[in-house]
2 protein chains.
Amino acid sequence: MSQSSNKTEDLPPSRQLPRSPCPVACALDILGDRWTLLVVRDLMLGRTRFKDFSASPEGIPTNILTDRLERLVRHGIAERIPAAEGSKRFAYKLTEKGEALRPVLRAMRDWGLVWEEGTRAALSES
Amino acid sequence: MSQSSNKTEDLPPSRQLPRSPCPVACALDILGDRWTLLVVRDLMLGRTRFKDFSASPEGIPTNILTDRLERLVRHGIAERIPAAEGSKRFAYKLTEKGEALRPVLRAMRDWGLVWEEGTRAALSES
DNA sequence: CCATTCGCTTGCAAAATGCAAGTGAAAATA
DNA sequence: TATTTTCACTTGCATTTTGCAAGCGAATGG
């Protein structure tokens, strides 16, 4: 029980997290891919169920969705709760940490609306 | 010259850009990976040369850096200029579109500082 | 009870990533 | 000018991640 800890110390350097103490780098360690922030967006739009995320227009593959939901929960950004009382199916909702990502998504939305042609907002102002 | 246009129409659906008209999705089509926004961060910190980006603490591989700089230039976020007048080497700087990403990076930095332990800001207030 | 939906899992091909090593031109130095 | 060093990549290759389709058991609805 002395070799191979539960941290990332024995992984190749590129997979060790965090890559640096930079808050941007740390954020990207968690959120830096093509899908994760889209799931967060969906959560901010009030979607809660696996099938809802799956039905979003970008068409996230279900295995990726499973992985990303797990990652969000593991990092305390989302939580998994019963879909209804007594139900054995689950819903997801943002934690406080996840809600705190709103300014990031807002800034990204605003940038996209101004600089990328043909985009239109789904999230209204808030 | 009629088959295979310069767009993404003949790529598999998952690689077609944009994935949707959502401004967040469009932004992520360009910026959604673990490295691109770190290069943008470096540019915002005033770094301009390939070697500077390469020397950042996260240690971006040089082949990836080449690819990401190219992508940023292609999307009009950065531009490639002579490193000095008369020099045949190049420097990179943010365009107006790239500067417009500052709120995104700021929001991400603020989130990281609050929610990820052990992070410290490199960019000061602005 | 039966059909349908949900929330995944699995298998596999293709693409992206990470690493080390190499290269040729440009710049710095002697 | 000659030599060395730096720079900005490129290449090759192993590993990892992604995307897609199909399948599957439990939960739900009728």
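Side chains are part of it too, since the values below use all heavy atoms of this structure and drop only hydrogens, waters and symmetry mates. First the proteins, then the strands, lettered A, B, ... as listed; each starts at 1.
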Can you check the [X] [atom1] to [N] [atom2] distance for me, whole Å?
X	N	atom1	atom2	answer
D33(A)	dT16(D)	CG	C1'	14 Å
I64(A)	dC12(C)	CD1	C1'	14 Å
E58(A)	dT18(D)	CD	P	16 Å
L65(B)	dC9(D)	CG	P	8 Å
K51(B)	dA8(D)	NZ	P	6 Å
L17(B)	dA15(C)	CG	P	14 Å
R34(A)	dT18(D)	CZ	P	10 Å
I60(B)	dT10(D)	CD1	C1'	15 Å

Contacting residues from residues 70-85 of chain A, given that a heavy atom lies under 4.0 angstrom of DNA chain C: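 Result for residues 70-85 of chain A: R80(A), sorted by number.
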For a quick test of reading the model: is some side-chain N or O of [X] closer than 4.0 Å to OP1 or OP2 of [N]?
X	N	result
R49(B)	dA8(D)	yes
W35(A)	dG19(D)	yes
Y92(B)	dC9(D)	yes
R68(A)	dT18(D)	yes

Residues [X], [Y]: salt bridge by 4.0 Å N-O rule:
X	Y	result
D42(B)	R47(B)	yes
R80(B)	E70(B)	no
K97(B)	E116(A)	yes
R19(A)	D29(A)	yes

If hydrophobic clusters are built from ILVMFWY residues whose side chains come within less than 4.5 Å, do L113(B) and L105(A) share one?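 No, because L113(B) and L105(A) fall into different hydrophobic clusters, even though each may have its own neighbours under 4.5 Å.
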Got a sec: does the CZ of R120(A) have more than 12 other heavy atoms crowding it under 6.0 Å?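 Counting other residues, nucleotides and ligands, CZ of R120(A) stays at 12 neighbours or fewer.
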Do nucleotides 22-30 of chain D as a string where each nucleotide becomes B, S or -: B if the base has a protein heavy atom under 4.0 Å, S if just the sugar-phosphate does, - if no protein is that close. B---BBS--
Sugar-phosphate only, base, or nothing, as touched by D67(B) at under 4.0 Å among non-hydrogen atoms: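 No contact.
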Geometric cation-pi criterion, R71(B) with W35(B): 6.0 Å, 45°: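 No, cation not above the ring by the 6.0 Å, 45° rule.
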Could you pull out all donor-acceptor pairs under 3.5 Å where a side-chain atom in residues 21-28 of chain A meets a protein atom, sequence neighbours excluded?
none

Main-chain N/O of E96(A) paired with W115(B) side-chain donor or acceptor, under 3.5 Å: no
